[in-house]
Each structure stands twice: as structure tokens, then as C-alpha cells.
Amino acid sequence: MAIPEQFIDELVARSEISDVVSEYVALTPKGGNLWGLCPFHTEKTPSFSVSRDKQIYHCFGCGKGGGVISFVMEMEHLSFPDAVRHLAKRVGMEVPETGGSDEGRKKLRRALEANREAARFYHDYLKSEGGGPVREYIAQRRISPKYATRFGLGAAPGEWDALTKALTAKGFSKMELMDAGLAVGGKNGGVYDKFRSRLMLPVIDVRGEVVGFTSRILPGLEGAKYLNSPDTVCFKKSQLVYALNFAKATKRPNLILVEGNIDVITLHQAGFDNVVATMGTALTADHARILSRYTKELVLCYDNDEAGKKSTQRVLGILQNADLNVRVLQLPNAYDPEGKPIKQDPDDFVKKFGPAAFEKCLNGSAGQNDYRIDSLLEGADLTTDEGRMAFLRQAVETVGALGSPIEREIYGNKAAQAAGITGAAFAQEVERWRKGQSRQAKRKEQRQSMVPTMTHQPRSRSLRYENIRSALAEEGVLRLVMLEPSLFEKVELRGEEFSSQLLGRAFQLLRDRHARGLAVQLPALAGELNSEEMSHLTEILSQPESLAYASRAMEDYIKTIRAEGAQRSAPPKSEEALLELRRQQREKTMEDGQ
């Protein structure tokens, strides 16, 4: 391990988790823990808990959990060593490096360096004679030299390996270029450039690092119109927002989300420095979470064709529970000389009508609920009874899904008025729909509760237990030793005896730490476990465990583990056996309490 374990222990001890988490999440005391809205998924009711006693965080909604190092790794998208350095800098500690260099950290550093050099290469080539065709295209798109430079636009040569030759001459290996997504391996063992004959747009993260590229092929050439870097150690499409490095500093009260990168540049050039886009992929919950860190209001401005409208509806569904006020800027319909509707995107609109017209549309953007009702009305035929009923069925579902009774009344009345019925009748249908949804949810919950084996399985399928009875006892052992490490001195148990590979590995890691005089705490295992494993162990530690009769409980747990181990090859225990285990545990708890 590159960083001494003793240093990790001291760093965790000096990094109070509630102080670190509160830099990202507003926390409120409740019932001995601190609570807030989860930063890892969108929600309106706090389910994210921070325990000062155990120095862990756990979300009861999405299941994410861990210690202070895991939290920084997740929030800042850092490797374990980089998260340690981040925390060490925060508390004024210097990280001692011993042993060999960390391969993951080195790979990330070299990928970022290669991307930075590639951005310089493409930008320089744009200015050369060979970059003429791309310069002409940039001029056709009416992007000024100032904004071409601001966004670092460049040109990829048409040769097969121009970039590869230039960067290998600077000391990068071909493998490093492939790791960075800049080069591709050929069938004959050779390596060639990923991007050729393209307008190049570097993707810069909020820290100012070039993490990858998006590109557009020149008109008239064959190939994919748009091409992004593949997912690499530093380029994750689902976690990147184009131009957020600029938009995060805007003085405007919102961010505008558009579909294309050229739309972003054009609108920034027109004075809208709050415009961003996703990386050639649909908006995800991760994007929503990232955007909510930088704004409280998000304006959707997608193309005004059918595809754009469908994308808007889909994104509204994702953002429904986000901690964001969402509005929709719908560009006016455009028509060709024959009166046929044509696609109009933000780039087209601002060039044709100017910034003032776009500003007017922005100021008149509709709230997401208004947009939904208006979209239903746009596609409805209210002149027939069948058309009105079809509209009302859709409107009831749309309004019924709203969480606020005030919103349901406002938008319910709007829909009712449009269909020519009373607001009371519409409200009655909404409540009937909501009760039906509630009954379905309860039936689903009851079906799940009838299957105890599923109730106690880990959230992640990759961690599923093969023997529930043994695994429940193994979880109890882990809780006890983390709450009372001195129990290790009385326990003759090995990780290999566990039925769950993860629980056995965690037990052995903790036992080894105790034997070396290190702290037996879950946060210190962040470098040994992945996110899913850490989250599951945090969920285990979050469950109650009494230390009143710890030795007796430990004996019972070990007895169960060994009894199940002896029958490991036998058929799995029935659900009745699991229920019997639960009954015995309840009886033991009642006896302990007497």
C-alpha cells in the first residue's frame, strides 16, 4: 500500500465526518444522527443519515454509504489515494508516500497530461494550413475567434496517426494514448488516432482539467456525425456536463440545458454564459445531482421537433424529484417557404432572431407542470367526447403524480377547464387514481415482505447471499467487532468460514488491522473495498446491535456460522427455517432485556 495505514487512521480521526459532509449537504440533527437530502440521488424528503458515533454516512433511499474517505471519493470522483490527499490538505497533513507508485493514480495523471497535450496539438493544428477546412466550418457556424479560443476548439488532421506520432515523441506510450481514449488499436497490432478530419472540442471538468473530447465530422465526409472520447479513467459521460466549468461562475439565476455542444458555444457567444449540455447522451440522475450543486433552477431548451419534445418529456420525468425548480423554454415553431414545420435549435434561433429574442423566450419559459399540461392539450382533440376522455385520462395521471396538493389543485383546475368539466369532478378522479396507485404499492410491498430471503439480501446483485441464515449471523459478528474490537481477542474465527465472500474478507481485514494495533473501523477500509461493498457494510453497521450480552451473542453467531458451514453442500435452508431463526433472535433479545 502506497500510503501507511497508520496515516490513514490518523487522517480519519482528524476528519470529523459531519464537518466534511456538511460542506456538501445541509444537515439537521434528529434522533442522535444528522439528516439531509442525499447528494447521490434526487429526493425531496431527507433519507441521508450521518452518524458521529460510528463516523459513517448511509442513505436509506439509494443505499450509498461509507466513511469520510468514501464520501470524498464519491462526491469528487476521486481515487482512494487522491481522496486521501484531498482530506489531508483539508486538515493540514502531509501524505507520506512509501513503496511503489500507485498505478491507478499514475494512470489518471498520465491520461490527463495526454489529453492536455492533445488539446494543444489540435488547437495548434487548427491555426496551420491543414486546419483550413475546420476553420472554414467554424466560420460557417459563425463562431468568433474569441470563442473558438475560449472553448479551445481544434482540428484533427486527416492522417491516420498524426496525433499518435506527436505525443509519442513527447514521451507518451501508445498504451497511455489508448488508455486516454486518444488512440485505437488496429487489427494488425498497430495504433491509430481515434479522431481524424474533425472539429475538436475539448471537454473540461469543473477543476479545469481536459478529461476528453467531443467532435464533429466535417460536412461531406463519411463517418459518425458526432464522436466522443470513450469512457476512460477520467472521462465518464454520465458524470460530465459540457461547459459547466464556465457556467458555474454565471451571475444569472439559473442554468440552461441544451442538446448540442455548438448550441452551448453559440449561446455563450450571445451573452448566455449559463448554458450547458450533456455529453451526447441522455440526461441521467447523476447529471441532475451534479447540476443541483450549482443552481436551484434549470431551464430545458431542447430542439422544437418531435424528437426534442420527447426528450423534454423524458428529462422532466427524471427531474421530477430533483432538488431543482425546472422550467421549459420551448422555441417558437419554424416553417419552410411551403409552410411545412422545420427543426429549430437554439443555435439556429439565436443566429436568426438575436439574443434579445432568446432572452424574451427565456423570460417566458413555462414551469414543468404547465409544459406537461400544454403538451397534452397540443396533442388532444377536444372537439369529440373520445378525444376529451383520452386527454382527461392522461391529465389525471400527470396531475395525480404531483406530490403537492396545492399543485394538484392548480393544474387540475387548468386541465378541467380545458376539457370543460368541473374542478371537483377532476379532483375526484385524481384521488381515485392516487388511491389505486397506493393500493398497488402496498400489494407490492406485501408480496416482497412474504419473501424474507429477499428482504435480507444486499441491494447489489453481485453481493447476493447464498446462505441467508449464515450471512445474518456473519453480519452480527461484523457489527459486534466494529462496536467492540476487544472481542477479537476471544474469537477463534477465520474469514474463510464465512459463507459470504465479502463479509469474510471484511472480517479478515478488520482482524488483521486489530492484530497490527490499527483502528478497527469501517472508514479505514475505503481503499480495500469498492463503492457497492462499502455501502453494504455501512448498511450492516447501521443496524442495531446490543453490547449488553456481546460475548453470548458472539457465541450464538459463531455457532450458527459453523453449523451452516458444516451443511454448506446441503440444499439451502427453507424460508420456514429463516423465520425460525428470526423467532429465536427475537426471543433472545427479549431474554436479554429482562
Side-chain angles (χ1 to χ4, degrees), residues 41-44 237-238 241-242 254-260 263-264 275-292 295-334 341-349 361-362 364-382 387-404 407-408 410-416 418-419 426 429-430 433-434 437:
H41 80 288
T42 53
E43 62 177 5
K44 292 187 176 180
K237 284 192 295 186
S238 64
V241 179
Y242 183 71
N254 48 38
L255 293 182
I256 302 173
L257 181 67
V258 297
E259 291 186 83
D263 293 327
V264 172
V275 182
V276 297
T278 51
M279 291 304 308
T281 185
L283 183 126
T284 65
D286 277 343
H287 289 132
R289 174 175 57 80
I290 292 166
L291 290 167
S292 67
T295 187
K296 290 301 177 185
E297 181 175 89
L298 183 67
V299 180
L300 302 181
C301 182
Y302 284 6
D303 299 351
N304 68 349
D305 58 0
E306 277 305 309
K309 291 176 182 179
K310 287 180 181 178
S311 295
T312 299
Q313 291 287 3
R314 194 193 67 81
V315 169
L316 287 175
I318 294 173
L319 296 172
Q320 188 168 2
N321 296 317
D323 187 23
L324 286 165
N325 177 33
V326 182
R327 303 187 68 80
V328 179
L329 191 168
Q330 194 168 15
L331 295 171
N333 292 325
I342 58 174
K343 173 184 173 182
Q344 184 165 244
D345 58 28
D347 175 53
D348 298 325
F349 183 86
C361 290
L362 178 59
S365 55
Q368 58 179 318
N369 296 327
D370 282 306
Y371 176 81
R372 284 193 174 103
I373 299 297
D374 289 343
S375 296
L376 293 179
L377 285 170
E378 187 178 323
D381 178 7
L382 301 181
R388 291 169 64 210
M389 288 301 298
F391 164 74
L392 286 168
R393 279 193 294 271
Q394 292 177 306
V396 163
E397 293 184 14
T398 299
V399 174
L402 300 177
S404 165
E407 287 184 321
R408 292 199 295 273
I410 291 172
Y411 296 104
N413 286 338
K414 180 176 179 177
F426 188 88
E429 285 301 309
V430 167
W433 182 85
R434 286 176 62 83
Q437 294 296 109

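Values reported hereafter were calculated over all heavy atoms of this structure, with side chains retained and with hydrogens, waters and symmetry mates removed. No experiment lies behind these values; they were computed from the predicted model shown.
- Using a cut-off of 4.0 Å between Lys/Arg side-chain N and Asp/Glu carboxylate O, Asp303 and Lys310 are scored as not salt-bridged.
- For the pair Val399/Ile373, a side-chain contact is recorded, criterion being any heavy-atom separation below 4.5 Å from C-beta on.
- The shortest non-hydrogen separation linking Gln344 to Asp348 is CA-OD2, 4.1 Å.
- Between Ala277 and Leu257, the shortest heavy-atom contact is CA-CD1, 3.9 Å.
- Residues Lys414 and Asn369 are not in side-chain contact: their nearest non-hydrogen atoms beyond the backbone lie 4.5 Å or more apart.
- Contact detail for Ala401 and Trp433: the closest heavy-atom pair is N-CZ3, 3.7 Å.
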If you apply the rule side-chain contact (heavy atoms from CB on, under 4.5 Å), what do you find for Leu319 with Thr42, and how did you get there?
CA-CA 8 Å; Leu319 296 172; Thr42 53; over 6 Å; no

Given the rule in the side-chain contact (heavy atoms from CB on, under 4.5 Å) test, do Val315 and Leu300 qualify, once you have shown the distances and angles that lead to the verdict?
CA-CA 9 Å; Val315 169; Leu300 302 181; 3.7 Å; yes

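- Remark: side-chain polar atoms of Arg372 are not paired, donor with acceptor, to backbone N or O of Gln313 under 3.5 angstrom.
- The minimum heavy-atom distance linking Glu297 with Asn254 is given by the pair OE1-ND2, 2.9 Å.
- Contact annotation: the side chain of Asn413 never approaches that of Phe426 to less than 4.5 Å [non-hydrogen atoms, C-beta and beyond].
- Side-chain contact between Asp370 and Tyr411: present, with at least one pair of heavy atoms (C-beta onward) separated by less than 4.5 Å.
- Separation of atoms CD (Gln330) and OG (Ser375) is listed at 6.0 Å; rounding is to 0.5 Å.
- Here the side chains of Val326 and Leu316 are in contact, with some heavy-atom distance below 4.5 Å.
- A salt bridge links Lys309 with Glu378; the closest basic N to acidic carboxylate O contact falls under 4.0 Å.
- Under the rule for a salt bridge (charged side-chain N to carboxylate O under 4.0 Å, His left out), the partners of Lys296 that lie at least two apart in sequence or sit in another chain are Asp323.
- Here the side chain of Thr295 pairs no donor or acceptor atom with the backbone of Ser292 at under 3.5 angstrom.
- Nearest approach of Leu362 to Ser365, heavy atoms of both residues: O-OG, 2.8 Å.
- Residues Cys301 and Leu331 form a side-chain contact, since some pair of their non-hydrogen atoms from C-beta on lies under 4.5 Å apart.
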Does Val430 form a side-chain contact (heavy atoms from CB on, under 4.5 Å) with Arg408? I'd like the steps, not just the answer.
CA-CA 8 Å; Val430 167; Arg408 292 199 295 273; 4.1 Å; yes

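- Of the possible donor and acceptor atoms, one in the side chain of Asp263 sits under 3.5 Å from a partner among the backbone N and O of Gly260.
- Not a single donor-acceptor pair under 3.5 Å links the side chain of Arg327 to the backbone N or O of Val299.
- In this structure the side chain of Val258 never reaches within 4.5 angstrom of the side chain of Tyr302, judged on heavy atoms.
- Counting only heavy atoms from C-beta outward, the side chains of Glu259 and Asp345 never approach each other to under 4.5 Å.
- Judged by distance alone, the side chain of Thr284 and the main-chain N or O of His287 form a donor-acceptor pair under 3.5 Å.
- The backbone N or O of Leu382 lies less than 3.5 Å from no partner atom in the side chain of Arg388, so there is not a single donor-acceptor pair.
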Carefully, step by step, assess Leu291 and Leu283 under the rule side-chain contact (heavy atoms from CB on, under 4.5 Å).
CA-CA 11 Å; Leu291 290 167; Leu283 183 126; 4.1 Å; yes

